[in-house]
Amino acid sequence: MHTSMTRRTATAGQWRVVAAAVVAALAMAATPARCGTQGAKKVSAVIVFGDSIMDPGNNNGLHTVVKANHAPYGKDFAGHVATGRFSNGLIPTDFIAQGLNVKQLLPPYLGVQHTPEDLLTGVSFASGATGFDPLTPVIVGVISLEQQLAYYDEYRSKLVGIAGEEETKRIIDGALFVVCAGTDDIANTYYTTPFRSAEYDIPSYVDLLLVGVESFLRNVSARGAKRIGFVGLPPIGCVPSQRTLGGGPYRSCVPERNAAAQLYNTKVQELIRELGKDKARFPTLVYIDIYTVIQELVDHGERYGFTETTRGCCSTGTVEVAVLCDARFTPVCDDVSQHVFFDSYHPTQRAYKVIVDYIFDHYMQFLHL
């Protein structure tokens with residue numbers, strides 16, 4: 001793994017060039033900042049744990065098929081670089097960091113030679129296809145949430161080496177922590193493999209996931225997180241691959257899978273309310289609903305300028321993702337901007353922007369941002 005990682009590592013100079021290109025592109029687009037963030041920076045850093053929605057390239061050096069470091073991923077990224085982001089361009093972590101005036105790109109923790117400023121303003125530890133079920137990352141050989149916490153500990157030690165303990169504490173105290181996982185547990189581990197469905201029904205499997213959620217949140221809190229945004233699940237049954245694999249008539253949304261996501265979301269909100277009563281451990285813990293906005297994009301995409309809401313842009317758009325979405329073997333749609341989804345699992349950059357704008361409009365005030 002070490003050799004593979006080294007081969008794919010970007011130099012700090014290359015990373016700065018890409019970031020500069022993104023800054024230039026954003027300046028040309030003249031996109032206004034959200035939530036009054038035009039003034040002084042309110043957040044010291046953005047620190048992210050989770051799955052492929054938040055993974056900017058941590059999987060690149062792993063021995064797994066769950067990677068996005070090849071075309072057509074990144075086709076609309078600055079320099080048309082496939083960084084490992086599961087999209088045609090930017091992903092939510094980038095839009096969140098931009099909207100909070102922290103920086104233009106949130107880098108992966110792995111595979112990049114960071115500058116001190118990269119580390120001081122936050123990184124993403126997220127790994128595509130991981131989850132709260134301990135079995136989920138094992139099945140596909142990706143980074144577990146437990147290992148993400150271990151990387152965070154390593155990261156914090158690096159901060160101390162750069163800035164000292166007092167400044168590191170200030171950065172962590174002022175950081176926004178984002179946690180986003182769970183979709184792969186239900187969509188892949190439960191519905192696609194036989195390992196859990198033979199042993200659990202959906203309510204009991206959701207309870208298993210909640211054990212993982214609570215443990216993870218307590219571990220993040222114990223490491224100094226003061227502001228945590230916890231992202232719920234999307235309407236899983238409406239994701240293109242799930243429409244296909246779930247066998248819905250005419251590839252309609254699969255009600256059973258959406259119901260599983262809704263049950264999880266309901267129970268997670270109850271858990272977060274309970275944990276949030278302990279203000280000493282969880283000063284600010286906020287549940288972030290993305291189910292509503294993604295369902296809106298799927299049902300009424302035309303309101304946002306989308307004409308294709310059921311298929312991805314890559315190849316047939318029905319099952320292709322990661323290794324199956326490869327420009328050497330599969331075509332790409334003519335106009336990505338018309339699609340809600342880029343591959344059969346992940347939204348396009350434009351759809352991600354709509355989703356993050358929704359998050360800023362509805363949740364950032366509760367995170368005191």
Side-chain angles (χ1 to χ4, degrees), residues 34-35 42-43 46-51 53-54 92-93 96 99-100 125-126 130-134 136 145-146 148-149 152 172-187 190 200-237 257-296 355-369:
R34 309 286 300 179
C35 287
K42 296 181 179 180
V43 176
V46 177
I47 297 171
V48 177
F49 303 94
D51 58 21
I53 300 299
M54 302 287 179
T93 48
I96 291 170
L100 295 173
F125 301 96
T130 200
F132 293 109
D133 180 346
T136 297
L145 287 164
E146 182 180 12
Q148 290 183 34
L149 287 172
Y152 169 82
I172 299 304
D173 285 351
L176 171 63
F177 287 74
V178 181
V179 181
C180 177
T183 300
D184 291 283
D185 294 314
I186 292 176
Y190 190 84
Y200 296 87
D201 59 12
I202 278 294
S204 60
Y205 186 62
V206 166
D207 288 341
L208 172 69
L209 298 183
L210 289 177
V211 171
V213 171
E214 180 171 359
S215 173
F216 188 80
L217 287 175
R218 289 188 180 279
N219 277 316
V220 171
S221 170
R223 284 164 167 80
K226 299 289 190 289
R227 285 184 285 193
I228 305 172
F230 186 93
V231 182
L233 298 188
I236 292 173
R257 301 186 185 199
N258 280 351
Q262 289 173 316
L263 176 63
Y264 170 92
N265 287 343
T266 298
K267 291 200 168 188
V268 158
Q269 289 177 77
E270 293 170 359
L271 172 63
I272 285 175
R273 276 194 293 270
E274 279 302 307
L275 293 176
K277 292 176 182 177
D278 186 350
K279 291 300 180 184
R281 291 187 177 180
F282 296 99
T284 305
L285 174 59
V286 176
Y287 172 80
I288 297 173
D289 164 46
I290 60 168
Y291 191 106
T292 301
V293 63
I294 295 178
Q295 189 71 65
E296 169 75 7
I355 294 165
V356 173
D357 283 352
Y358 174 89
I359 291 172
F360 269 80
D361 289 341
H362 289 82
Y363 295 101
M364 285 305 182
Q365 70 264 31
F366 300 115
L367 287 159
H368 309 298
L369 302 173

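Nothing here was measured: the structure is a model prediction, and the numbers come from that model.
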Taking [Y]'s backbone N and O only, do any of them form a donor-acceptor pair with [X]'s side chain (distance below 3.5 Å, no angle check)?
X	Y	result
Ser215	Val211	no
Asn265	Gly232	no
Asp184	Gly131	no
Asn258	Ile236	yes

Which atom pair, heavy atoms only, marks the closest approach of [X] to [Y]?
X	Y	answer
Pro235	Tyr291	CA-CE1, 3.3 Å
Gly229	Leu367	N-CD2, 4.1 Å
Gly50	Ala181	CA-CB, 4.3 Å

Taking the side chain as every heavy atom from C-beta outward, state whether [X] and [Y] have any pair of such atoms under 4.5 Å apart.
X	Y	answer
Pro234	Thr183	yes
Lys267	Val213	no
Pro92	Ile355	no
Phe125	Ile47	yes
Phe282	Arg218	yes
Leu176	Ile96	yes
Val206	Tyr200	no
Lys226	Thr284	no

Drop me the distance from [X]'s [atom1] to [Y]'s [atom2], to the nearest 0.5 angstrom.
X	Y	atom1	atom2	result
Ile290	Leu233	CD1	CG	7.5 Å
Leu285	Arg273	CG	CZ	11.5 Å
Thr136	Asp51	OG1	CG	10.0 Å
Ile288	Ile359	CD1	CD1	5.5 Å
Tyr358	Ile294	OH	CD1	10.5 Å
Tyr190	Ile202	OH	CD1	4.5 Å

Is it the case that atom CD in Gln269 sees more than 12 heavy atoms from other parts of the structure closer than 6.0 Å? yes
Looking at Arg281, I'd like to know if its CZ atom is crowded, meaning that more than 12 non-hydrogen atoms belonging to other residues, nucleotides or ligands lie closer than 6.0 Å.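 Counting neighbours around CZ of Arg281, 12 or fewer heavy atoms of other residues, nucleotides or ligands fall under 6.0 Å, so no.
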So Tyr152 and Ile172, side chain to side chain contact (heavy atoms under 4.5 Å, CB included) or not? Walk me through it. CA-CA 11 Å; Tyr152 169 82; Ile172 299 304; 3.4 Å; yes
Could you verify whether a donor N or O on one side chain and an acceptor N or O on the other, from Asp133 and Tyr205, lie under 3.5 Å apart? yes
Would His362 and Thr292 count as a side chain to side chain contact (heavy atoms under 4.5 Å, CB included) if you check the C-alpha gap in whole Å, the side-chain angles of each, and the deciding distance to 0.1 Å? CA-CA 11 Å; His362 289 82; Thr292 301; over 6 Å; no
With under 30° as parallel and over 60° as perpendicular, where do the rings of Phe216 and Phe132 fit, or are they tilted in between?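 Phe216 and Phe132: perpendicular rings.
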Applying side chain to side chain contact (heavy atoms under 4.5 Å, CB included) to Asp207 and Leu210, what does each step give before you reach the verdict? CA-CA 5 Å; Asp207 288 341; Leu210 289 177; 4.1 Å; yes
Go through it in stages, so that I can follow the logic: the residues are Val293 and Asp357, the test is side chain to side chain contact (heavy atoms under 4.5 Å, CB included), and I'd like the CA-CA distance, side-chain angles, deciding distance and then a yes or no. CA-CA 10 Å; Val293 63; Asp357 283 352; over 6 Å; no
